[in-house]
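None of these values were measured; they are calculated from a predicted model.
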Amino acid sequence: MKHAAIVTGDESPEDGPLGRALRARGFEAVVCPLVRAFPPHDDGPLREAVARVGEFDWVAFTSARAVAAVAELCGGSLAGLGARVACVGNATARAVEERGGTVVVLPVDVGGAGLARAMAGAADLRGRRVLYPRAESARPDLAEGLRGAGAEVVDPVAYRMEPVRDHGELAQALEAWPDAAVLLCSASAAEALAGSDVVARMAGRVIGSMGPTTSRAARAVGLEVSFEPEERSFAGLVEALEEVATDGHG
């Protein structure tokens, strides 16, 4: 193995897509979940919206987890979704395609605001209905951008993320792997470290962030981000990590 990478995200297993991408590049993945996913407290609004998905012009996805939640209610397939699909990034788009769906808008700009701009650039959204299945703690930029473009947005909660409060597993990993880079896979993972003593232990580490939103959250809790990938995906994150390691900084 070249190096180890400490993966801080949700409860994705070591044999998940990021773990596989790391091992394909010769890294060892050390998974330390900082957030865990749960169903919404009330899934009624999501069920009702998906049952009437034929009434929507668009479905906007900002995470693979939202894709999975909608697909489950559609019998496992998005092939007959009907509405046009827009995704915030490559990993989300792949999740749609793996379930038989077709993505028509995939913006270069990351984040909800970028997705809203891309959708508005692809079609006139005035009077159009958009289904946006979201995380309970989702930022408002996508919904606000779509409404600003004249769309009617229905945004039921598809899942909720809860922070892991005990960071003992991460502390042990940092001690066991003193030269390992730390990969922050989401803003919620970074936010889960607020007030934690492990932040000080990460000083001087190579820290990779999935993108600008995650980087802002990391800096807000006192972490210094070393790099972001050009492509906001697991593969892009690992490629950027490899470049840092090759340059001798990791």
Side-chain angles (χ1 to χ4, degrees), residues 8-12 33-43 45-46 49 56 58-70 85-93 95-96 103 105-122 125 128-164 183-195 207-223 225 228-229 231-234 236-237:
T8 63
D10 61 18
E11 66 274 33
S12 297
L34 291 179
V35 290
R36 289 194 165 88
F38 297 91
H41 293 293
D42 178 10
D43 67 354
L46 178 66
F56 289 91
W58 289 88
V59 179
F61 289 114
T62 56
S63 73
R65 198 173 294 282
V67 173
V70 171
V85 176
C87 291
V88 80
N90 292 304
T92 305
V96 170
V103 178
V105 171
L106 182 60
V108 175
D109 295 338
V110 299
L115 181 57
R117 287 193 296 270
M119 292 173 64
L125 296 180
R128 300 300 182 182
R129 302 193 73 216
V130 180
L131 172 58
Y132 166 35
R134 62 178 177 84
E136 184 178 64
S137 58
R139 290 165 176 77
D141 49 354
L142 175 55
E144 290 177 351
L146 293 172
R147 291 181 177 121
E152 177 188 345
V153 181
V154 177
D155 57 345
V157 174
Y159 63 95
R160 57 190 173 90
M161 304 300 294
E162 297 291 343
V164 174
L183 302 182
L184 296 171
C185 300
S186 67
S188 56
E191 291 164 352
L193 293 173
I207 297 178
S209 160
M210 183 60 84
T213 302
T214 301
S215 294
R216 286 193 294 271
R219 295 183 181 110
V221 302
L223 295 173
V225 175
E228 296 175 4
E231 175 189 310
R232 188 173 176 262
S233 67
F234 290 143
L237 185 62

L46 and A158: which non-hydrogen atoms are nearest, and at how many Å? CD2-CA, 3.8 Å

Rounded to the nearest 0.5 Å, the CD atom of E228 sits from the CG atom of L184 at a distance of 10.5 Å

Taken to the nearest 0.5 Å, the spacing of L223 CG from T214 OG1 works out to 11.5 Å

Rounded to the nearest 0.5 Å, how far apart are CZ of R36 and OG of S188? 12.5 Å

C87 and side chain to side chain contact (heavy atoms under 4.5 Å, CB included): which partner among L115, V59, T92? T92

Do side-chain atoms of R128 reach the backbone of W58 as a donor and acceptor pair under 3.5 angstrom? no

CG/L125 to CE/M119 distance, rounded to the nearest 0.5 angstrom? 5.5 Å

Work out which heavy atom in V154 is nearest to a heavy atom in A49; give both atom names and the distance. CG1-CB, 4.4 Å

Closest heavy-atom pair and its distance - V105, A122: CG2-CB, 3.7 Å

To the nearest 0.5 Å, atom CD of E162 lies from atom CD of E136 at 7.0 Å

Which heavy atom in M161 sits nearest to a heavy atom in A37, and how many Å separate them? SD-CB, 3.5 Å

Any side-chain to backbone donor/acceptor pair from R134 onto D155? Under 3.5 Å, distance only. yes

Heavy-atom closest pair (S209 atom, L237 atom, distance to 0.1 Å) is O-CD1, 3.7 Å

Answer whether the closest heavy-atom distance between the side chains of L131 and P156 falls below 4.5 Å. yes

When every non-hydrogen atom of A187 is compared with those of R139, the smallest separation belongs to CB-NH2, 3.7 Å

Could you measure the distance from the CZ atom of R147 to the OH atom of Y132? Nearest 0.5 Å is fine. 10.0 Å

Basic-acidic side-chain contact under 4.0 Å: E152, R129: yes

